[in-house]
Amino acid sequence: MSLDIPDGQFVVLVGPSGCGKSTLLRMIAGLEGITGGTIRIGERVVNNLPPSERDIAMVFQNYALYPHKTVAANMGFALRMARMPREEIANRVARAADILGLKPYLDRYPRALSGGQRQRVAMGRAIVRNPKVFLFDEPLSNLDAKLRVQMRTEIRSLHLRLKTTTVYVTHDQIEAMTMADRIVVMRDGHIAQAGAPLDLYDRPANTFVAGFIGSPSMNFLPGRIEVRASGPVFVADGGIELPLRPGGPVPQGRRVTYGLRPEHLVLGGEGSLPAQVRLVEPTGSETMAVMKLGRSDVVGVFRERVSVRDGETILVRPDPAHVHLFDPESGARLT
Amino acid sequence: MSETIPQGVPAPRPVAFARTVPSSGGRTGALRWLVHAVVAFIVLWFLPILALLLSSLRPQADTATSGWWMALVRPSYTAENYLLALDQLRIAGSLGTSLAIAIPTTVLVVLLSVIGAYALVRMNFAGRTALSLLLVALLVTPPQITLVPLLRLYNLMGLSGTIPGIWLYQVGFTLPFGVFLLRGFIALIPQELFERAHLDGASELRTFRSIVLPLSRPIMASLGIMAFLWSWNDLLIPLLFMGGSSMSLPITVNLAGMVAQTTQGQGPLMAATFLSVAIPLVLVISLQRYFVRGILGGAVKG
């Protein structure tokens, strides 16, 4: 794999567990040896440099605070190891504490802090080093949902303020979407696709990325293309016909996977098909419904209030402008 | 803020226990009974020490005619037994010898155990697994079977009758347990802390000194107490290995000898015994907050 991260960019590595994203991060950090290739930070090849000389700072998932050291000592330890003068350490710690709102807690021990505060200390340890690169290894997965959203914003605004190049690992695609300048979706040690969050969302390169980015996931229906007088249509296995964007360069009879995001399923209108609702989940702002369309289960998300109950039938149709077509074998995008 | 970096773990307060015991709602009754039973057990357990203390303070004539509990009914106390013990039985010298054995033994056991445990957990070297197994083998080896060969070896090397000889023996036979205990504890220190230290640029030695040592302090205190008690209370080894020494006999050996004699009467023996109990007691009480935490700390990483 090859990945070039421009200076100051916030890059999120995302993928299912075991895809190698953490390993990649640990290789950049120098905690994991590499057997081949080159890792360069700035102009410097760091393949064989120990972590402390790579000019990086890493934030661990479980914070890895030294339990027997105060917040200030935790933040200053790396600087002390670098034999920095005491005043300079104190200054840097004070500045970082200021940025993170940790001033009142500098003399406390980690066990006397809340989860969010510990997370901030972990970030403070990274900030004081003033590194070229920040590395985050799933830093928010130990926090509760509300705090996670708050810390997400804080990390983002911290990045906007410090403009330090950041590599951030997560398995949570929402985190990736909301925080990244660029998302790198990984699968089995390879890059499945890299790009801006909305590019990945709008034009996923393959079924893996399409299914991974977005929640609820994209619906996939197997079937084939038929060219009619009115234009090409998609005929799903089981018989139902779904519209395609006109002008797609797809030959008659080709087998494809038809991809449609839940929010691109519209209620009613011309060409609607009956779908039997199996499950309705209203969240207030929107309604999610799992339904049977033809032979397949599909998920739809509607901004409108849908007043159907489980088992009833509603009329839906796909928005042809947002249909994705993939090759059924390779999973690669066709259009 | 301060730029000095305090290393100390502040004293943990054992309040957590006090809070959790009475708060279990419906089972409070049963728990209260359990607490009562435990307290009764503790009192029962403590009776001999109380008897020892009272007997050591009673005049010789009283001791001969009535049981120790009469000291509570008709109090009449004297320090005479202690004076006799210190003067005629040379108890002070014996206590000194015992301390000279127990303190270095304890320090060596704790220090070498933590170094050994760290190496076994954190360092990769050839024969690590074999060494771990050997450790277990040493744990189950009864020291008694080594007595005869070791005594001959000691005589050959001129270690017999010397205090360093006893250190060597006791350290050697406590170390497997010490390494075993600390290894379990150090293995529970999260991997991330070591990686963190590595990232922070700390050397192996620095990691050991700044991370492992402070974190292991409670378990080291526990081990220290145990090592001290074992060394202090040991009769067999000093009895066999201190023979022919010009020094005062260790307290256990001295006391065991005194029990055989009847000329001195019970009083001074009680006084001497109480002194031999009091020193470890003070040690345990002063370190007990570490002791409790150390045991828990080894079981679940807080």
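Values reported hereafter were calculated over all heavy atoms of this structure, with side chains retained and with hydrogens, waters and symmetry mates removed.
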Exercise. Rounded to the nearest 0.5 Å, how far apart are CZ of A:Arg26 and CG of B:Leu199?
Worked result: 8.5 Å

Problem set entry | Point-to-point distance, once rounded to the nearest 0.5 Å, from CZ of A:Phe60 to CD of B:Gln191 | 9.0 Å

Which answer fits [X], side chain, backbone, both or neither, if we ask what part of it has an atom under 4.5 Å from a heavy atom of chain B?
X: A:Arg125; answer: side chain
X: A:Leu79; answer: neither
X: A:Ala29; answer: both

Please tell me if the side chains of [X] and [Y] come closer than 4.5 Å, counting only heavy atoms from C-beta onward.
X: A:Tyr66; Y: B:Pro214; result: no
X: A:Met58; Y: B:Glu192; result: no
X: B:Arg196; Y: A:Leu65; result: no

Exercise. Heavy-atom count around B:Phe180 CZ within 6.0 Å, excluding the residue itself: above 12?
Worked result: no

Exercise. Can you tell me if CZ on B:Phe41 sees more than 12 non-hydrogen neighbours from other groups inside 6.0 Å?
Worked result: no

Seminar exercise, completed: A:Ser52 and B:Asp200 have their tightest heavy-atom pair at CB-C, 4.3 Å

Exercise. Do any N or O atoms from the side chain of B:His198 and from the backbone of A:Pro50 form a donor-acceptor pair under 3.5 angstrom?
Worked result: no

